Amino acid sequence: MEKSLVLFSGGQDSATCLAWACARFEHVETLGFDYGQRHRIELDQRPVFLDAFAKGFPDGASRLGKDTVLDVATLGQISDTALTRETEIVMTEAGLPSTFVPGRNLIFLTYAAALAYRRGIKHIVIGVCETDYSGYPDCRDDTIKALQVALNLGMDTRLVLHTPLMWVDKAATWSMAEDLGGDALVALIREETHSCYLGQRDLSHNWGRGCGTCPACELRVKGWEGYLATKEPMPRP
């Protein structure tokens with residue numbers, strides 16, 4: 001039986017990857033991380049989404065297995081970033097937004113690999129992308145490929161790191177969700193996932209909930225508008 005482990009944060013990208021994994025693997029487990037993130041409301045949305053997904057998509061949900069949330073608070077303790085501190089989101093001298101948490105995906109995938117090794121899981125799925133993103137170096141394809149080599153060498157195994165969103169933009173991510181679960185999955189992701197870096201869920205928009213101005217919201221808005229544009233009928237010649 002082909003098993004997979006999805007890094008599921010509670011956001012749009014990881015929710016789409018979860019549906020992608022459920023369409024491809026016979027057994028799908030989920031993994032989240034509490035690292036003291038400023039927008040930890042995403043952790044509250046994880047069980048909300050998983051429960052709604054199980055009820056609305058029984059075929060995919062029948063493949064869902066154990067959900068795990070790991071406490072990696074030490075990452076937040078050593079990270080002076082806008083995702084782990086109440087500070088302004090700005091562009092830094094390094095050319096990266098202050099929301100970049102150094103080493104985050106490297107640490108996440110290392111923990112995921114250790115858990116997958118213990119549970120006999122070969123496939124790990126993560127929703128990173130370098131097509132339409134904030135420029136984080138640990139989201140790049142080269143980083144993921146290099147880490148896959150290092151993890152397999154270090155544990156003498158043959159794990160596979162899957163990145164379904166690596167070469168698609170946010171509009172195509174919404175389209176992927178529609179392909180996987182129709183308008184119902186798009187609506188579920190729009191309403192129950194959380195991407196806003198400021199942790200705001202009291203503001204509702206046609207693309208979901210959030211402040212609408214942070215980098216994560218801006219990417220989500222841009223993707224939603226692009227997705228809607230693809231669904232508009234072409235003008236007659």
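For this chain, numbers begin at 1 and follow the sequence in order. The model shown is predicted, which means the values in this text are computed figures rather than measured ones.
The ring-ring contact (aromatic ring centres under 6.0 Å, His included) contacts involving residues 74-93 comprise nothing, where partners must be two or more places apart or lie in separate chains.
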List, one per line, each side-chain donor-acceptor pair under 3.5 Å for residues 94-103, sequence neighbours excluded.
| from | atom 1 | to | atom 2 | distance (Å) |
| --- | --- | --- | --- | --- |
| Ser98 | OG | Glu88 | O | 3.3 |
| Ser98 | OG | Val90 | N | 2.9 |
| Ser98 | OG | Val90 | O | 3.3 |
| Thr99 | OG1 | Tyr136 | OH | 2.5 |

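With rounding to the nearest 0.5 Å, the separation of CE in Met176 from OH in Tyr227 is 13.0 Å. One distance of note links CD of Gln148 with NE2 of His162; it measures 8.0 Å at 0.5 Å rounding. The structure places CZ of Phe108 at 5.5 Å from OH of Tyr35, a figure rounded to the nearest 0.5 Å. With values rounded to the nearest 0.5 angstrom, Leu151 atom CG is found 10.0 Å from Thr157 atom OG1. To the nearest 0.5 Å, the span separating CG on Leu228 from CH2 on Trp207 amounts to 13.0 Å.
Remark: side-chain polar atoms of Arg63 are paired, donor with acceptor, to backbone N or O of Cys22 under 3.5 angstrom. With Thr81 contributing its side chain and Leu83 its backbone, the two residues share a donor-acceptor pair below 3.5 Å. Although no hydrogens or angles enter the test, the distance criterion places no donor-acceptor pair under 3.5 Å between the side chain of His27 and the main chain of Glu29. Side chain of Ser79 to backbone of Leu75: a donor-acceptor contact under 3.5 angstrom is found. A donor-acceptor contact shorter than 3.5 Å is absent between the side chain of Thr68 and the backbone of Leu31. A donor-acceptor pair under 3.5 Å is absent between the side-chain atoms of Thr163 and the main chain of Cys129, judged by distance alone. Counting only distance, with no hydrogens or angles, the side chain of Gln37 and the backbone of Phe33 share a donor-acceptor pair below 3.5 Å. At distances below 3.5 Å, not a single donor-acceptor pair connects side-chain atoms of Asp138 with backbone N or O atoms of Leu106.
Atom CZ of Arg201 has more than 12 heavy atoms from other residues, nucleotides or ligands within 6.0 Å. The neighbour count for Asp156 CG, taken as heavy atoms of other residues, nucleotides or ligands under 6.0 Å away, does not exceed 12.
Val69 is not connected to Val125 by any chain of hydrophobic side-chain contacts under 4.5 Å among Ile, Leu, Val, Met, Phe, Trp and Tyr, and they are in different clusters. Leu43 and Ile107 fall into different hydrophobic clusters, where Ile, Leu, Val, Met, Phe, Trp and Tyr residues are linked whenever their side-chain heavy atoms come under 4.5 Å apart, directly or through other members. A continuous path of Ile, Leu, Val, Met, Phe, Trp and Tyr side chains, each step under 4.5 Å between heavy atoms, connects Val72 with Ile124, placing both in one hydrophobic cluster. Val186 and Leu180 fall within the same hydrophobic cluster, where Ile, Leu, Val, Met, Phe, Trp and Tyr residues are linked whenever their side-chain heavy atoms come under 4.5 Å apart, directly or through other members. Criterion: ILVMFWY side-chain heavy atoms under 4.5 Å apart, direct or through other members. Under it, Phe8 and Val128 are not part of a common hydrophobic cluster.
Between Lys231 and Glu178, at least one side-chain nitrogen of the basic residue sits less than 4.0 Å from a carboxylate oxygen of the acidic one, meeting the salt-bridge criterion. Salt bridge Arg209/Glu192: absent, no basic N to carboxylate O contact under 4.0 Å. With salt bridges taken as basic N to acidic carboxylate O contacts below 4.0 Å, one links Lys170 and Asp13.
Shown here for Asp80 and Arg85, the closest heavy-atom pair between the two residues is OD1-CG, 3.6 Å.
Side chains of Asp67 and Thr30: a donor-acceptor N/O pair is present below 3.5 angstrom, by distance only.
The residue from Arg220, Gln45, Glu42 that alone fulfils the side-chain hydrogen bond (donor to acceptor under 3.5 Å, both in side chains) condition with Ser195 is Arg220.
With sequence neighbours left out, Tyr197 forms a ring-ring contact (aromatic ring centres under 6.0 Å, His included) with His39.
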